[in-house]
Every structure is written in structure tokens, then in C-alpha cells.
Amino acid sequence: MTAVVAEHDDHHDHHDHGPEKGVLRWIFTTNHKDIGTLYLVFGLIMFFVGGAMALVIRSELFEPGLQFVDPNFFNSMTTMHALVMVFGAVMPAFVGLANWMIPMMIGAPDMALPRMNNMSFWMLVAGVLLLASTLFMEGGAPSGGWTFYPPLVFQNGKSFPFAIFSVHLLGISSIMGAINVIATIFNMRAPGMTLMKMPLFVWTWLITAFLLIAIMPVFAGAVTMLLTDKFFDTSFFDAAGGGDPVLYQHIFWFFGHPEVYVMILPTFGVASTIIPVFARKPLFGYASMVYATGAIAFLSFIVWAHHMFTVGMPVAGELYFMYATMLIAIPTGVKVFNWTATMWKGSMTFETPMLFSIAFVVLFTMGGFTGLMMSVAPVDFQYHDTYFIVAHFHYTLVPASIFILMAAGYFWLPKWTGNMYNEKIGRLHFWLSAVSVNILFFPQHFLGLAGMPRRIPDYAIQFADWNMVSSIGAFIYGFSQLLFVYIVIDTIRGGTGEKVSDEVWEDASKHSLEWTVPSPAPYHTFSTPPARIPTEHF
Amino acid sequence: MSEDIGQKNTKLVRKLALVAIAMFGFGYALVPLYDVLCDLTGLNGKVEGQAVQEVAYQVDNSREVTVEFLTSLNESTPMLFRSEVKSMKVHPGEYYTVNFYAKNTTNMPMIAQAIPSITPGLAAEFFKKTQCFCFTEQTFAANEEKTMPVRFVVEPTLPERYKTVTLAYTFFDNTNISKK
Ligand code: HEM
Ligand SMILES: [Cu+2]
């Protein structure tokens with residue numbers, strides 16, 4: 001009895017026990033689990049907003065000719081779809097996972113900087129709302145592409161400065177989030193949790209956070225230069241004043257290439273966490289996974305001009321960026337090899353998270369291969385700015401990052417809610433997604449090779465058939481994602497009714513600490529450090 | 001959370017925030033870096049913005065280089081702009097003059113700036129101009145038409161592999177910016 005009272009007092013200094021009641025809980029919360037939930041829900045909503053925009057695009061492209069939207073709005077849709085998906089859906093969703101899982105995986109009571117955590121979330125919301133508001137402005141939302149290339153970007157109407165300020169807000173939010181992740185991992189690890197014992201998800205996020213701190217400010221600088229070029233007569237990118245528009249492309253892609261890795265490294269981390277659990281084997285090559293992640297991050301800074309093979313670089317530049325880009329395939333190959341080797345002779349079972357993860361390994365590799373094709377400078381002259389590249393990056397983002405985010409949802413929902421999701425509907429969701437995503441994106445390879453340019457609302461009739469197939473795939477894919485929403489809500493409400501164990505998945509607690517706390521995870525975990533550090537994962 | 005961790009966090013946050021600010025600066029530093037790199041290597045085909053002294057070269061009559069002239073207008077510049085000839089064959093080391101015509105098609109005075117560029121970029125350093133309308137802004141009266149000579153030489157040191165050099169000009173309407 002006395003012991004209980006003593007413990008009670010202990011906690012009282014800094015926290016009360018459960019969450020506050022009502023909406024205020026969500027507005028003022030500094031709890032890593034609450035903030036993680038906020039990020040995840042926000043990301044999911046934005047996934048559907050961005051998805052709706054994609055369906056506008058695919059509706060217009062269903063047949064040749066202009067049928068539903070005017071070309072300027074069409075271009076706004078491609079631009080906004082990309083911005084919403086990158087900055088509103090994928091990145092926030094991974095920050096949400098980081099918030100939920102990193103403290104639990106390293107045995108920490110919370111994130112290192114809980115108040116900053118709250119602030120970065122609400123700044124993200126402000127940034128995305130500002131961006132969304134441009135849809136209703138004179139001249140429409142930004143329509144010059146998510147890359148904001150000058151001088152095209154200056155043709156945007158009133159929305160131009162708002163889009164830039166929104167990028168500033170999103171940038172500050174990501175930088176704060178990244179600082180928080182680094183501080184948490186460096187200062188809050190439980191005793192015994194050495195760096196090389198951390199689960200790979202934590203490792204990949206640590207490296208991602210460093211990438212973010214290095215690149216988001218550069219992007220903020222680049223768009224600020226656009227802003228002053230337009231309104232304050234500077235000439236960073238204005239040839240008439242001695243500037244050079246190609247310079248913008250260099251600065252942008254110095255940010256832009258690492259940015260694509262910001263979306264894929266945490267994906268690698270989650271895959272490396274899920275696959276061993278369902279293969280019932282330790283992860284193959286833990287250390288090589290860590291080093292490969294580091295190598296990919298390092299290389300991502302020195303390959304940016306592979307996005308610019310056609311701007312008129314001299315041969316020496318083309319060759320350098322070609323070979324440097326090809327190098328990325330090596331650490332990426334190491335990873336694919338390790339995932340495959342982890343499954344090799346494992347006692348595999350195929351629950352929904354594992355299905356999504358296996359599909360990720362296969363389909364991401366396809367995206368990697370088309371990347372390798374485009375890294376060959378002379379042939380990229382054919383692929384550049386066609387649907388081939390659209391196919392490339394959608395293979396690396398949708399059946400990779402998005403599939404893994406879904407896998408993460410299924411994998412950890414039982415831990416978060418204490419309830420089991422409906423496996424049957426989960427598998428239905430998987431199969432619909434896996435089939436339709438290929439109907440959606442595979443034909444785009446053919447379209448690109450045949451010469452269909454990206455970002456056009458109308459096209460020559462020889463492209464009609466594959467566009468129709470692609471659009472049909474898009475609608476099946478889009479609507480089948482509603483199953484996920486249904487499952488999430490259903491699971492929160494009780495799911496199958498089966499109470500899940502602390503471990504949820506067989507022997508999961510050997511792999512990582514979050515499976516040692518009760519399900520659902522209590523509001524505060526690891527107020528006292530864990531007694532034992534799992535070592536199965538390396 | 002103990003005091004100790006609080007202090008460690010503050011220190012780390014300061015350092016990381018400094019890195020972020022430094023990277024913001026680095027974005028801006030890329031601008032002069034890019035210019036210096038392009039100046040040194042001539043990678044982007046930018047040509048000197050100033051006239052060079054006319055010096056006599058040993059004319060290389062053994063080979064001919066084709067020099068092409070391209071004229072274009074920035075998006076909404078209200079002008080007519082063309083060159084006297086589309087291309088000419090030149091001997092390295094010899095000076096040539098070619099005329100360009102530009103007309104202000106508005107009823108208002110206009111200040112315009114022409115920006116030259118050379119392709120292939122690495123040939124730019126061998127292409128010298130002693131006279132060009134691109135060295136300064138040009139003022140046009142309403143509807144004025146001008147004939148503007150360009151005097152240039154292709155240096156004999158131009159590597160053999162360059163058979164064709166293209167000189168492109170784009171005229172920008174700077175009236176609004178220059179008036180301020
Ligand atoms: C083996 C690894 C990869 C290689 C060699 C590679 C190579 C390339 C190349 C050469 C391009 C430029 C194509 C062009 O514009 O003509 C490109 C574009 C792109 N890649 Fe990759 N890539 C790889 C992996 C990834 C990953 C993992 C992602 C994202 C998660 C990604 C996302 C993108 C995006 C978004 C673009 C297009 C950007 C735009 O123009 O809007 N790539 N890639
Ligand atoms: Cu790239």
C-alpha cells in the first residue's frame with residue numbers, strides 16, 4: 001500500500017495521469033502519443049485530399065481532349081497534388097510514427113522537447129491551410145509544378161507569395177520536428193540502449209532528421225530568393241539582371257534529391273522492423289543496414305543534377321552526375337538483399353503488415369531499376385519530363401512509402417488501441433491496393449517511352465488506351481483506400497473484439513521495446529527505464 | 001526529466017539550430033559559388049559582360065568555324081529583333097562585324113537589356129567581343145528602330161572539335177525595373 005502511494009507521489013511532480021478531457025487535450029497536448037496521433041490523422045486526411053486531386057487529374061486524362069477542368073486548374077492539380085502528398089501526407093505521417101514509436105523503442109518517457117513538438121504540429125497545420133487557401137485565390141493555386149521553377153513560377157497569380165510563406169512554415173515545422181528527434185535519440189535513450197542496439201526505424205529517422213536540418217533551410221532560402229526576385233527587384237534567377245534560372249534548379253535539387261530520401265529512409269526503417277517479426281528471424285545484416293542508410297544519405301547530397309541532365313550541362317558534369325547516381329544503387333541493393341535474406345528460410349506468416357512489406361520490397365525495387373535507367377545521362381534525354389519519370393517516382397513512393405505507412409498502421413494499431421483489426425478486410429485492402437497500383441502506374445512506363453509528356457491536360461490519341469487503363473487503376477486504388485479508414489475506425493471502436501496481448505505478434509518483444517508495455521500502450525510509458533534491452537533485431 | 005537532460009537538450013538544440021541557420025546561409029552562398037565556378041570553368045556558356053581590347057591574332061586560314069546567331073525575346077517584350085544573317089563561316093583569329101536590328105513596337109520609350117549566351121558552353125571563353133549592344137542597357141524611343149553592330153573574334157586557340165558556335169541573344173524589357 002505505502003509503496004503504491006510513494007510511487008504516486010513520485011510521478012506527481014511533472015505529469016498528471018491520464019489525458020485531459022475534451023478538445024483542449026488535442027490542442028495543448030505535449031504527450032508524444034497524442035501528438036503522434038495528431039500527425040497520423042492529419043497525414044491520413046491529407047492523403048485523401050491529395051488523392052482527390054489525383055483523381056481529378058486521372059479523370060481529365062481518362063480520354064484525350066479537354067472534358068472536365070480547364071488547363072490552368074489541371075496544372076494547379078498536379079502541383080498541389082505533389083505538394084499536399086509530400087508535405088501534407090507522407091512527411092507528417094512519418095513524423096507521427098516517429099512521435100509514437102521512437103520514445104517507446106528507446107525506452108524514453110517522452111520526446112525530448114514536448115512543447116516544441118506541439119508547436120511543430122500546429123505550424124504544419126497552419127502551413128498546409130495557407131497552401132490550401134491558394135486554391136480560392138485570384139489566378140488559382142500554384143500551377144507551375146511542385147519544383148517552383150522560375151521564370152514559370154512568376155506567372156502564378158496572387159497565390160505566389162502565399163505558397164512561398166507556406167513553404168516557410170512547413171520548413172520551420174520540419175526542422176523543429178527533426179531537432180526534436182535528434183535530441184530524443186541522443187539524450188533520452190534508456191541505459192543500455194547503445195546506438196548500435198537501436199531498432200532500425202530509430203536509426204533511419206535519426207539520419208533523416210539530419211537530412212532535414214541540412215536541406216529544409218536551403219529550400220527556404222531558394223524560395224525566398226524567388227520572392228525577392230519577384231517583389232524586390234533582386235536578380236538571383238533573372239537573366240536580365242545577370243542572374244541565371246538554371247541556378248535555381250541547382251539549389252532546388254540540392255534540396256529536392258535528399259528530400260525524396262526523407263520520404264524513403266523511414267520507409268526502409270519500418271520495413272526493417274516489420275519483416276523480421278513475421279519471418280521470425282533477426283534482421284539480416286543489421287550493421288550493414290545502418291551503414292547503407294548512412295551511405296545513401298551521404299550520396300543523396302552529391303547527385304542532384306541527375307534531375308537536370310537536359311539543361312545543357314557540359315559532358316564532364318553529365319558523366320559525374322551519371323556515375324554518382326549509379327552509386328546509390330549499391331547501398332540500396334544491400335538493403336533489398338538484406339530484406340530478402342531476412343525472409344530466407346524464415347517461418348513466414350502473411351498477416352496484412354507483412355503482405356504490404358513484401359509488396360514494398362518487390363515494387364520499390366522496380367522503382368529503383370527505372371531510377372537506374374534514368375541515371376544514364378544520354379538515355380535520360382528521352383525519359384526526362386515524360387510519364388516514364390512519373391512512373392518511376394510513383395513506384396518509389398506509392399507502393400513503397402505509402403504501402404509501408406499502411407503496413408505500419410496495421411502493425412502498430414493493436415498496440416495503440418489494444419484491439420485487433422479485421423484481418424480479412426486488411427487482406428482485401430492489400431490485394432486491391434497491390435493489384436490496382438500496378439494497373440495505375442505500370443502503363444505509365446509505356447506512355448513515357450512512347451513520348452507522352454508529364455503535366456499536360458490533353459494528349460495525342462495514340463496515348464489513349466494506356467491512359468484509360470491507368471485511370472481505371474487510379475479509381476480502384478483510390479477507393480480501396482477507404483477500406484483502411486474503415487478498419488482504423490473499426491479497430492479503435494473494438495475491432496474483432498479479441499483482446500490483444502502485450503506482445504501482439506509472436507515473439508515481437510524480442511525485437512523491440514514497444515511490445516513489452518501493455519496494449520493499449522498507457523498514456524505514459526517508460527517513466528522508469530526498461531530492465532532489459534531486446535537484442536533480437538541485430 | 002532531470003536537470004541534467006534538460007541542459008543537455010538545450011545545448012544540443014542550440015547547436016542544431018545553428019546548423020539550420022548556417023544551411024540557410026549556405027543556400028545563399030551557392031549563388032556566388034555558382035558564379036565563381038561558372039566563371040572559372042565557363043560551364044554555363046555565360047560570356048564576359050564587357051568589351052575586350054582589340055588585339056591582333058595570327059589568323060588561322062586552315063579551318064572554318066560556323067558561327068550561328070539566334071535572337072529571341074523574353075516572354076512579353078514588345079519588340080522586333082533579328083540578326084542580319086543567320087550564320088556565317090569565320091576563320092579563327094579574324095575580326096568580323098554582324099548587324100542586329102531591334103525595333104520598339106510600342107508608343108512609349110523602352111529600356112531593354114540583351115543577354116548573350118554561347119553554346120557549347122565550353123567554347124564561350126574563346127569567343128571575344130570588342131563591341132556589342134549587350135554590354136549596356138539600350139534605350140529606345142517610341143517605335144524606334146536601331147541597327148546594332150557586334151564585332152567579334154573567335155580565338156585561334158579554340159579547340160579543333162568545335163565546328164559550330166551558337167551565339168544567342170535574348171532581349172528583356174527592363175523599363176519598369178530600370179526606371180525605379
Ligand atoms: C536507385 C535509386 C534511384 C535512382 C538511381 C533515381 C534516379 C532518378 C533520376 C535520374 C531522376 C530524374 C529523371 C528526370 O527528370 O529525367 C529521378 C527523378 C525522381 N525520383 Fe528517383 N531515383 C532513385 C530513387 C528514388 C527514390 C527512393 C525516390 C523517392 C522516394 C525517388 C523519387 C524521385 C522523384 C520524386 C523524381 C522526380 C522529381 C520531379 O522531377 O518532379 N527516386 N530519379
Ligand atoms: Cu534525385
Side-chain angles (χ1 to χ4, degrees), chain A residues 13-14 108-110 112-114 116 151-152 154-155 171-172 174-176 178-180 182-184 186-188 209-210 212-225 233-244 246-248 250-252 254-255 311-317, chain B residues 1-2 4-35 37-38 41-46 49 74-77 111-117 119-124 137 170-174 176-178 180:
Chain A
D13 315 335
H14 28 268
D110 203 316
L113 310 151
M116 192 159 96
L152 185 62
F154 298 131
Q155 291 179 5
I172 296 173
S174 311
I175 292 169
M176 291 198 305
I179 289 179
N180 208 347
I182 297 175
T184 307
F186 278 180
N187 294 343
M188 309 280 286
F210 276 108
L212 278 170
I213 291 180
I215 61 169
M216 288 313 287
V218 175
F219 186 32
V223 295
T224 309
M225 291 182 224
D233 295 337
T234 57
S235 311
F236 289 105
F237 311 126
D238 179 11
D244 188 342
V246 173
L247 169 62
Y248 175 83
H250 281 290
I251 304 180
F252 179 85
F254 182 84
F255 147 80
V311 294
M313 269 191 295
V315 176
Chain B
M1 202 188 301
S2 69
D4 192 33
I5 290 189
Q7 269 174 3
K8 262 166 87 184
N9 283 341
T10 320
K11 256 198 212 146
L12 186 59
V13 171
R14 267 206 207 115
K15 272 190 218 149
L16 293 172
L18 268 180
V19 174
I21 293 166
M23 287 310 292
F24 187 76
F26 176 75
Y28 276 83
L30 283 174
V31 179
L33 268 176
Y34 177 79
D35 285 342
L37 199 79
C38 290
T41 59
L43 284 182
N44 65 346
K46 253 194 199 171
N74 191 38
E75 29 172 338
S76 52
T77 305
I111 302 169
Q113 168 78 55
I115 301 294
S117 161
T119 317
L122 291 175
E137 283 183 330
T170 307
F171 247 121
F172 290 76
D173 180 358
N174 269 8
N176 291 331
I177 299 173
S178 295
K180 276 184 203 162

Can you tell which of B/Ala17, B/Gly27, B/Ala20 has the highest number of heavy-atom pairs within less than 4.5 Å of chain A?
-> B/Ala20
d(B/Lys11 NZ, A/Asn187 CG) to nearest 0.5 Å is 10.0 Å
Answer key: most heavy-atom pairs under 4.5 Å with chain B among A/Gln155, A/Met225, A/Met216 is A/Met225
Answer key: most heavy-atom pairs under 4.5 Å with chain B among A/Ile251, A/Leu247, A/Ile179 is A/Leu247
Quick one: what part of B/Tyr28 sits under 4.5 Å from any heavy atom of chain A, side chain, backbone, both or neither?
-> both
is_close_aromatic(A/Phe237, A/Phe252), centroid dist under 6.0 Å | no
OG1 of B/Thr10 to CG of A/Leu113, rounded to nearest 0.5 Å, is 8.0 Å
Side chain, backbone, both or neither: which part of A/Ala183 has an atom under 4.5 Å from a heavy atom of chain B?
-> both
How many angstroms lie between atom CG of B/Asn9 and atom CD1 of A/Ile182, to the nearest 0.5 angstrom?
-> 12.0 Å
Among A/Val311, A/Thr224, A/Leu212, residue most engaged with chain B (heavy-atom pairs, under 4.5 Å) | A/Thr224
Part of B/Ile115 lying under 4.5 Å from any heavy atom of chain A | side chain
Between CZ of A/Phe236 and CG of B/Leu30, what distance do you get to the nearest 0.5 Å?
-> 11.5 Å
Side chain, backbone, both or neither: which part of A/Phe254 has a heavy atom under 4.5 Å from chain B?
-> side chain
So how far is it from B/Gln113 CD to B/Thr77 OG1, rounded to the nearest 0.5 Å?
-> 11.5 Å
Under a 4.5 Å cut-off applied to non-hydrogen side-chain atoms, are A/Phe210 and B/Val19 in contact?
-> no
Look at A/Ala316, A/Ala214, A/Gly317 and state which one has the largest set of heavy-atom pairs under 4.5 Å with chain B.
-> A/Ala214
Which atoms of A/Asp238 approach chain B - backbone, side chain, both or neither, heavy atom under 4.5 Å | side chain
Honestly, the part of B/Leu12 sitting under 4.5 Å from a heavy atom of chain A is side chain
side-chain hydrogen bond (donor to acceptor under 3.5 Å, both in side chains) against A/Thr234, all qualifying residues, sequence neighbours excluded = A/Thr228, A/Asp229
